[in-house]
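Index from 1, following the sequence. Computed from a prediction, not measured in an experiment: that's the story for all the values here. Both backbone and side-chain heavy atoms feed into the values below; hydrogens, waters and symmetry mates do not.
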Amino acid sequence: MIKFTIITLFQEAIEPYLKSSMMWKATEKGLAEFDFVNLREFGLGPHKSVDDTPYGGGDGMLLRCEPVFAAIESVKAKDPDTKVILPTPVGELWTQKMAREFAFHSGLRPASHYIILCPHYEGYDERILSIVDYKVSLGKYVLTGGELPALIMIDSIVRLIPGVLGGEQSAEIESFSEGDNLEYPQYTRPEDFRGMKVPEVLLSGNHGEIARWREKHSGRVEIK
Ligand code: 6GU
């Protein structure tokens, strides 16, 4: 069982994905659990403020320390053994290897619990890093917040947990699963769609020739 507690101001932006398809199935099977903490509840003053202007001047608002620490501490009070992930464009680039490590780690223990702190606005007070275990970037572009990165990390971890993808060999032999991947063109019915025909060899029933055809037409996609 792997658990994610997502600290965000925008639960409604994240939740539908986790209630759909494979993430939902993982929940139903008891293999994954998703929980939310509304950062606003830990906001300061009558307006439940969570951000403020930067010392030294400059544009934009920064996430303040107090609400963030209070939110994380509220989760850790119930489960001290959690790690905090911060999605940030200046983090370590997220890779399949990291997804595997998070998924594998969860298999070694009765429960793994990760807090994902979704920043918003133009940034965060640097002192927030003192309570963070992993800084992760999803790529070389800038997003408005940590919600999409949180979903991408969760999806790429949860699909690797045994039992999530169901009966077939699934995650491990599928394309984009491990190291040097083989991805060959695939077809299903109909045999002829608007003049575009399925290669003859795939209809032949000759497994040796099919294997050779697939090898020849596979693109190698390196995912370390
Ligand atoms: Cl993790 N956050 C934001 N805001 N932008 C990003 C990112 C994360 N990864 C790539 N761009």
Side-chain heavy atoms of [X] within contact of [Y], under 4.5 Å:
X      : Y      : answer
Met196 : Asp192 : no
Ser218 : Trp213 : no
Glu92  : Val136 : no
Thr82  : Ile72  : no
Ile6   : Val37  : no
Leu86  : Tyr124 : yes

Around atom OH of Tyr141, are there more than 12 heavy atoms from other residues, nucleotides or ligands closer than 6.0 Å?
yes
Only residue of Leu151, Ile7, Ile85, Ile14 satisfying side-chain contact (heavy atoms from CB on, under 4.5 Å) with Ile116 is Ile85
Per side-chain contact (heavy atoms from CB on, under 4.5 Å), Phe4 is matched among Asp35, Ile157, Ile115 by Ile157
Under 4.5 Å between side-chain heavy atoms, counting indirect links through other Ile/Leu/Val/Met/Phe/Trp/Tyr residues: same cluster for Tyr184 and Tyr187 or not?
no
Measure from the side-chain N and O atoms of [X] to the backbone N and O of [Y], and report whether any donor-acceptor pair falls under 3.5 Å.
X      : Y      : result
Asp133 : Val84  : yes
Lys29  : Gly163 : yes
Ser21  : Tyr17  : no
Arg40  : Lys48  : yes
Glu122 : Met61  : yes

- Task: Start with the C-alpha gap between Glu33 and Met1, add the side-chain angles, then the distance that decides, and say whether side-chain contact (heavy atoms from CB on, under 4.5 Å) holds.
- Result: CA-CA 7 Å; Glu33 186 182 337; Met1 155 70 86; 3.9 Å; yes
Say you draw a straight line from [atom1] of [X] to [atom2] of [Y]; how long is it, rounded to the nearest 0.5 Å?
X     : Y     : atom1 : atom2 : result
Lys83 : Lys76 : NZ    : NZ    : 7.0 Å
Leu18 : Gln11 : CG    : CD    : 9.5 Å
Lys25 : Leu31 : NZ    : CG    : 12.5 Å

Next item on the list: Kindly say whether the aromatic ring centers of His120 and Phe10 come within a distance under 6.0 Å.
Entry: yes
- Query: Do Ser137 and Trp94 pass the side-chain hydrogen bond (donor to acceptor under 3.5 Å, both in side chains) test, and can you show the C-alpha distance, the side-chain angles, and the key distance before you say yes or no?
  - Reply: CA-CA 6 Å; Ser137 163; Trp94 185 247; over 6 Å; no
**Message:** Quiz question: by atom type and distance under 3.5 Å, do the side chains of Thr8 and Glu147 form a donor-acceptor pair?
**Reply:** yes
* To do: Evaluate the ring planes of Tyr114 and Tyr134, with Trp represented by its six-membered ring, and classify them as parallel (under 30°), tilted (30 to 60°) or perpendicular (over 60°).
  => perpendicular
Practice item. Please assess Phe36 against Thr5 for the test side-chain contact (heavy atoms from CB on, under 4.5 Å), listing each intermediate value before the final yes or no. Key: CA-CA 5 Å; Phe36 290 92; Thr5 297; over 6 Å; no
>> Under a 4.0 Å threshold between the charged nitrogen and the carboxylate oxygen, would Asp52 count as salt-bridged to Arg64?
In response: yes
Test log, rule side-chain contact (heavy atoms from CB on, under 4.5 Å), inputs His113 and Asp81:
CA-CA 7 Å; His113 186 179; Asp81 195 21; over 6 Å; no
